[in-house]
Protein chains: 2
Amino acid sequence: MGKRASAELGTGRADDGLGGNGRDEVIYRNLFVAIVENHLAPGTKLPEDTLAETYGVSRTSIRKVLQRLAHERLVDVRLNRGASVAQPSVGEARDIFSARRIIECGAIAQVVAKATPAALEELRELVRREHAAQDRGDWRESIYLSGAFHVALIRISGNETLTDFLTQLVSRSSLVIATYGSPQTASCRHSEHDDVIEIIAAGDVEGTTRWMDRHLRDVERTVVLVEEEPVAADLKKILEEVAQRRPKLR
Amino acid sequence: MGKRASAELGTGRADDGLGGNGRDEVIYRNLFVAIVENHLAPGTKLPEDTLAETYGVSRTSIRKVLQRLAHERLVDVRLNRGASVAQPSVGEARDIFSARRIIECGAIAQVVAKATPAALEELRELVRREHAAQDRGDWRESIYLSGAFHVALIRISGNETLTDFLTQLVSRSSLVIATYGSPQTASCRHSEHDDVIEIIAAGDVEGTTRWMDRHLRDVERTVVLVEEEPVAADLKKILEEVAQRRPKLR
DNA sequence: AAATATTGAATTGTGTACAAATGGATTCTA
DNA sequence: TAGAATCCATTTGTACACAATTCAATATTT
């Protein structure tokens with residue numbers, strides 16, 4: 001169940017140039033997933049003590065992870081006030097989708113040029129898993145895989161730097177959806193991912209670019225840009241559940 | 001001398017969402033400038049003790065700064081091996097410039113749309129300072145201001161997220177130039193920055209995009225893609241000199 | 001002499017202790 | 001009772017100490 005070994009959302013590489021060892025990486029990954037899959041609502045406070053207890057390490061390690069997430073704009077860290085799950089503003093939300101259009105459309109030419117049959121098959125596999133998640137009503141996994149698809153698509157370009165940027169944008173998009181959109185709308189309707197694979201396979205740069213631009217505008221349109229109220233929940237319990245859902249990380 | 005208050009390369013904002021207080025910020029800024037202005041050659045080791053002594057803080061603070069720089073890919077941090085100034089590979093260099101073309105060209109439309117007279121005047125001021133730096137042979141300041149120009153241009157788009165990405169790419173470009181290019185070639189020849197301001201002022205999106213694409217390809221072409229040898233230097237001394245050059249930071 | 005093993009100084013990783021700051025509850029005042 | 005000031009519990013910031021690891025120099029073996 002839930003094997004997502006092949007194409008994670010995120011860098012995935014053990015040596016990411018940030019010097020994180022295995023344990024930090026697991027903690028980071030758990031928090032990352034908890035935020036991106038919306039187990040932790042935007043605005044949720046993330047006290048260092050609680051996290052340290054939860055994962056059985058000292059605050060030192062936790063702080064490192066929190067700073068990394070802060071740099072990826074998934075958590076907000078304010079001086080002397082600790083960390084909390086980021087709440088993108090409306091302006092930020094617009095910036096994020098605008099940036100996605102520029103990057104994802106801009107990289108299409110190289111993606112089409114380098115799209116091997118194996119790469120396309122990997123995309124199809126992601127779409128299959130996305131549909132499966134939708135069919136069983138797992139909208140969290142569905143959103144996650146939808147994001148993973150976009151990242152996997154751009155990764156075909158071979159540009160790691162751009163892929164890292166997009167990974168961040170896609171993660172933050174999940175936060176935007178969690179903050180402003182109704183989850184089911186955002187994830188279910190836009191499973192047109194099948195279509196684009198064939199356009200890419202046909203070598204149609206123009207068509208792929210048009211598809212991507214329209215697709216991203218569609219996704220953006222589903223999020224309602226109305227402010228909502230922050231929520232507080234049982235952090236420790238949630239994190240332990242997320243940790244259990246991912247037994248491979250040990 | 002060297003007043004660069006108006007348009008720094010980097011976020012500049014005190015509250016950057018990362019929770020850095022004043023002192024960390026100063027240390028970060030000093031190291032950032034030392035790396036981007038090529039006072040510290042790519043590959044230079046950055047031992048925590050030395051930095052802690054230099055800035056009169058404990059290793060704890062230093063580690064935080066180093067991790068931030070690592071996340072911006074300006075330093076490499078390897079497990080149990082410490083930090084060193086990043087040495088972009090040839091592939092990374094290509095990725096960086098490719099990403100810059102996509103982002104900088106992609107954002108042009110919004111830049112032209114939002115370009116106010118005040119914004120254009122700020123660009124002109126940067127070009128003036130860049131020329132002044134060139135005229136007195138200060139190629140470090142010249143490279144710095146050249147990068148600041150590109151960032152300021154994209155900042156006009158109003159997209160902070162994209163601006164942050166470009167800031168990172170421009171910083172890393174400095175590292176690429178330091179690693180593979182001869183400094184004078186890279187900074188002096190490409191002071192065609194004047195030209196683009198007028199094209200923007202004319203509201204010519206197409207023209208500006210073409211200019212930018214060609215400009216970036218020109219810059220990329222000046223860096224010779226041949227490996228070189230790492231160097232070791234007197235780290236502490238260099239950092240103290242850089243700190244003194246920037247008296248406003250206290 | 002070359003290759004390998006060992007030792008130790010130097011450096012990084014991690015936990016803990018204490019200082020500083022925050023925010024809420026209580027008390028005081030008008 | 002409303003508002004302001006104060007106090008205290010909680011949480012974060014920073015320094016330091018010790019463990020673990022690396023790297024290079026020396027010693028050992030063949």
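Below, read A as the first sequence line, B as the second, and so on, with proteins coming before strands; counting in each chain starts at 1.
- C:dT22 atom C1' lies 9 Å from atom NZ of A:Lys45, rounded to whole Å.
- Distance CZ (B:Arg23) to P (D:dG13): 13 Å, rounded to an integer number of Å.
- For B:Ser58, the side chain to side chain contact (heavy atoms under 4.5 Å, CB included) test picks out B:Thr60, B:Ser61, with sequence neighbours left out.
- Contact annotation: the side chain of A:Ser157 never approaches that of A:Leu153 to less than 4.5 Å [non-hydrogen atoms, C-beta and beyond].
- Proximity of B:Arg78 to the phosphate of D:dT22: no side-chain N or O atom is located under 4.0 Å from OP1 or OP2.
- Checked against side chain to side chain contact (heavy atoms under 4.5 Å, CB included), B:Arg23 has the following partners two or more places apart in sequence or in another chain: B:Asn21, B:Ile27, B:Val57.
- Atom CZ of B:Arg63 is separated from atom P of C:dG15 by 11 Å (rounded to the nearest Å).
- For A:Asp24, the listed nucleotide lying nearest its side chain is C:dT14; candidates were D:dT12, C:dT14, C:dG13.
- For A:Ser173, the side-chain hydrogen bond (donor to acceptor under 3.5 Å, both in side chains) partners two or more places apart in sequence, or in a different chain, are A:Arg100.
- In this entry the distance linking CD1 of A:Ile62 with P of D:dT12 reads 11 Å, nearest Å.
- The side chain of A:Lys64 places no N or O atom within less than 4.0 Å of a non-bridging phosphate oxygen (OP1 or OP2) of C:dG13.
- Ring planes of A:His71 and B:His71: perpendicular class, angle over 60° (limits at 30 and 60°).
- A search for side-chain hydrogen bond (donor to acceptor under 3.5 Å, both in side chains) contacts involving A:Thr163 returns nothing, not counting sequence neighbours.
- Shown for residues 52-61 of chain A: residues whose heavy atoms fall under 4.0 angstrom of DNA chain D, namely A:Arg59.
- Going from atom CD of A:Glu48 over to atom P of C:dT22 covers 15 Å, rounded to whole Å.
- A:Ser174 meets the side chain to side chain contact (heavy atoms under 4.5 Å, CB included) test with A:Val36, A:Ile143; sequence neighbours excluded.
- A close approach under 4.0 Å does not occur between any side-chain nitrogen or oxygen of B:Arg81 and OP1 or OP2 of D:dT21.
- Checking D:dG13, C:dT12, D:dT11 against every side-chain atom of A:Asp49, the shortest atom distance belongs to D:dT11.
- When rounded to the nearest whole Å, the span between CG of A:Asn80 and C1' of C:dA21 equals 5 Å.
- For A:Leu79 and C:dG23, the CG to P distance is 11 Å, given to the nearest whole Å.
- We find that CG of B:Leu51 is positioned 13 Å from C1' of C:dT12, with the value rounded to whole Å.
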